[in-house]
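What follows is a single structure, written as structure tokens, with notes after it.
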Amino acid sequence: MCTQDLPLFDLENNSTIFFFDQLIAFNQVYTVLHRWLCLGVCFIGVLLNSLHFYVLTRKAMRVYIINALLCAMSICDIITMASYFIYILRFRIFDSPSTTIGYSYPWLIFLITHVTSSIALHTTSLYLSVIMAYIRWTALDRLDAKWINHGALKRILIFTALIVSIISIPTIMVHKIVPVMEVLGVNETDAVGGGAKLEGLYTVQLDETKINGCALFRVNLWITGVMFKALPCLLILWFTIALIYKLVQMSEKRKILRGEKREKEEFQLLATSATPTNTTRDEPSPRIRKVSQCRNVSIDRTTLMLIIMLVVFLCTEMPQGLLAILSAIYPTHVHTMIYVNVGEVLDLMSLINCLTSFIVYCVMSTTYRATVKSVLCRPSNRRTVFKNTHLLLNSYRIQVS
């Protein structure tokens, strides 16, 4: 590890010692629960994201340009959770890290691939969320923008995947696979004499050569903290606030364009066409209240969906980015004393984040629920299919209005 880094904690202080003792004790208890929690989250996540992908690729749902991005995000989340599921089974349940000396070379290749691909795919999913927020923000001004078409979206997906793959290279370079006998400092004769079967076993270490040593380790932590976590979270925050502001701005502009005179004419038109009731002259009829509520609900649902996604992203990703940046500044104290003990909690938060899209859509979108119901229940008559298609078209009109 880095030998000349700045100290962050006073390791002679009793309060600091007590804090790290409690952190280590927490990690010892949580690590037993973590493997089973992640196993369940990954299993459920793969199933739900597969359903999410299948629903979004239905003919009625493909009319939305945003759903193409959500499909790509679902693929990233499925691969990430499936890889983590295999990792948990092989390295945390079948074998305990505290009792296992080493692994075969192919399994360590899988381990490094799992670490690198999980970071890259999850980062790709975050940047796709940024692009989705940007497209929604742009579409409120004009639907013929150059980014709102499937051809441009395909180029965006390829460009995003390429850039994330390039900046993930240091994650691969910072690790190396070494034989267990080399780590233990024994030769083949000593290993056979000791009765341990060490031949053919390998382990993973940080590359501490002059080329790839602490400098590359710090660079990798900076990239993880800034490019993989902090930057996408800040962009999501900015675009979400901008989108909410534009929704409010458009609502005010519609009121100004309608004017009081037109609003009164609409009020009178609805009042005359409504069924006579016992309401007073000053009190609007139930039909008028319903029209007004529907107009407000469409904006409120969009705003609430964005706020929920924003809170989830910030709560799950921003702490990891800040911790990674601190680890780059103070690698010995932060990385080895804090990150090692809370890393599994951060992994669980990222896995939960992979379920955000499906859960938010199910809770907030009537159209999505209708499509899921039609997929699972397989409607037997054309009337139900027509009803679901009608809901989809209405939802599309609300989103572009």
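This structure is a prediction, so every number in the text was calculated from the model and none was measured. Heavy-atom basis, side chains included; hydrogens, waters and symmetry copies ignored.
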Subject >> His114 side chain to Ser83 side chain, donor-acceptor N/O pair below 3.5 angstrom >> reply: yes

Subject >> Pair Thr31-Arg92, side-chain donor/acceptor within less than 3.5 Å >> reply: yes

Original post:
How long is the gap from CZ on Phe53 to CE on Met73, to the nearest 0.5 Å?
Top reply: 13.5 Å

**OP:** Go through the structure and list residues passing side chain to side chain donor-acceptor pair (under 3.5 Å) with Thr203, not counting sequence neighbours.
**Re:** none

Subject >> Leu351 vs Cys42, side-chain contact (heavy atoms from CB on, under 4.5 Å): CA-CA, chis, key distance, verdict >> reply: CA-CA 7 Å; Leu351 292 174; Cys42 289; 3.8 Å; yes

**OP:** Check Ala120 against Val164 and note the closest heavy-atom contact, atom names and distance.
**Re:** O-CG1, 3.3 Å

Original post:
Pick from Phe91, Phe94, Tyr87, Tyr202: which one makes a ring-ring contact (aromatic ring centres under 6.0 Å, His included) with Tyr103?
Top reply: Phe91

Original post:
Are Leu201 and Pro179 close enough that some pair of their side-chain heavy atoms sits under 4.5 Å apart?
Top reply: no

Original post:
Just how far is it from atom CG of Leu56 to atom CG of Asn49, taken to the nearest 0.5 Å?
Top reply: 10.0 Å

Original post:
Is there side-chain contact between Ile135 and Leu153, with heavy atoms separated by less than 4.5 Å?
Top reply: yes

Original post:
Quick one: which of Thr116, Val115, Leu121 gives a side chain to side chain contact (heavy atoms under 4.5 Å, CB included) with Ile119?
Top reply: Val115

**OP:** Taking the side chain as every heavy atom from C-beta outward, state whether Val342 and Asn27 have any atom pair closer than 4.5 Å.
**Re:** no

**OP:** Answer yes or no: is there a donor N or O on one side and an acceptor on the other, between the side chain of Asn13 and the main chain of Thr16, under 3.5 Å?
**Re:** yes

**OP:** Write down the atom of Leu346, the atom of Gln320, and the distance for their closest heavy-atom approach.
**Re:** O-NE2, 3.4 Å

**OP:** Check Leu126 against Phe228 and note the closest heavy-atom contact, atom names and distance.
**Re:** CD1-O, 3.5 Å

**OP:** Return the minimal non-hydrogen interatomic distance between Val130 and Pro232, and the atom names on each side.
**Re:** CG2-O, 3.6 Å

**OP:** Indicate the atoms forming the closest heavy-atom contact of Met227 with Thr123, along with that distance.
**Re:** O-CG2, 4.3 Å

Which side-chain N or O atoms in residues 18-25 pair as donor and acceptor under 3.5 Å with protein atoms at least two apart or in another chain?
none

Original post:
Do Leu128 and Met132 pass the side-chain contact (heavy atoms from CB on, under 4.5 Å) test, and can you show the C-alpha distance, the side-chain angles, and the key distance before you say yes or no?
Top reply: CA-CA 6 Å; Leu128 291 180; Met132 182 174 64; over 6 Å; no

Subject >> side-chain contact (heavy atoms from CB on, under 4.5 Å) between Thr124 and Leu157, worked out >> reply: CA-CA 9 Å; Thr124 302; Leu157 291 174; over 6 Å; no

Subject >> Shortest non-hydrogen contact between Leu70 and Ser357, atoms and distance >> reply: CD2-OG, 3.4 Å

Original post:
Would you say the side-chain atoms of Thr356 pair up with the backbone N or O of Asn353, donor to acceptor, closer than 3.5 Å?
Top reply: yes

**OP:** Answer whether the closest heavy-atom distance between the side chains of Leu234 and Met318 falls below 4.5 Å.
**Re:** yes

Original post:
How far apart are the C-alpha atoms of Val41 and Tyr84, what are their side-chain angles, what is the distance that settles it, and do they pass the side-chain contact (heavy atoms from CB on, under 4.5 Å) test?
Top reply: CA-CA 10 Å; Val41 170; Tyr84 205 90; over 6 Å; no

**OP:** Answer yes if the side chains of Asn341 and Tyr30 hold a donor-acceptor pair under 3.5 Å, and no otherwise.
**Re:** no

**OP:** Establish, for the pair Arg58 and Tyr54, whether the NZ or CZ atom is under 6.0 angstrom from the six-membered ring centre and no further than 45 degrees off its axis.
**Re:** yes

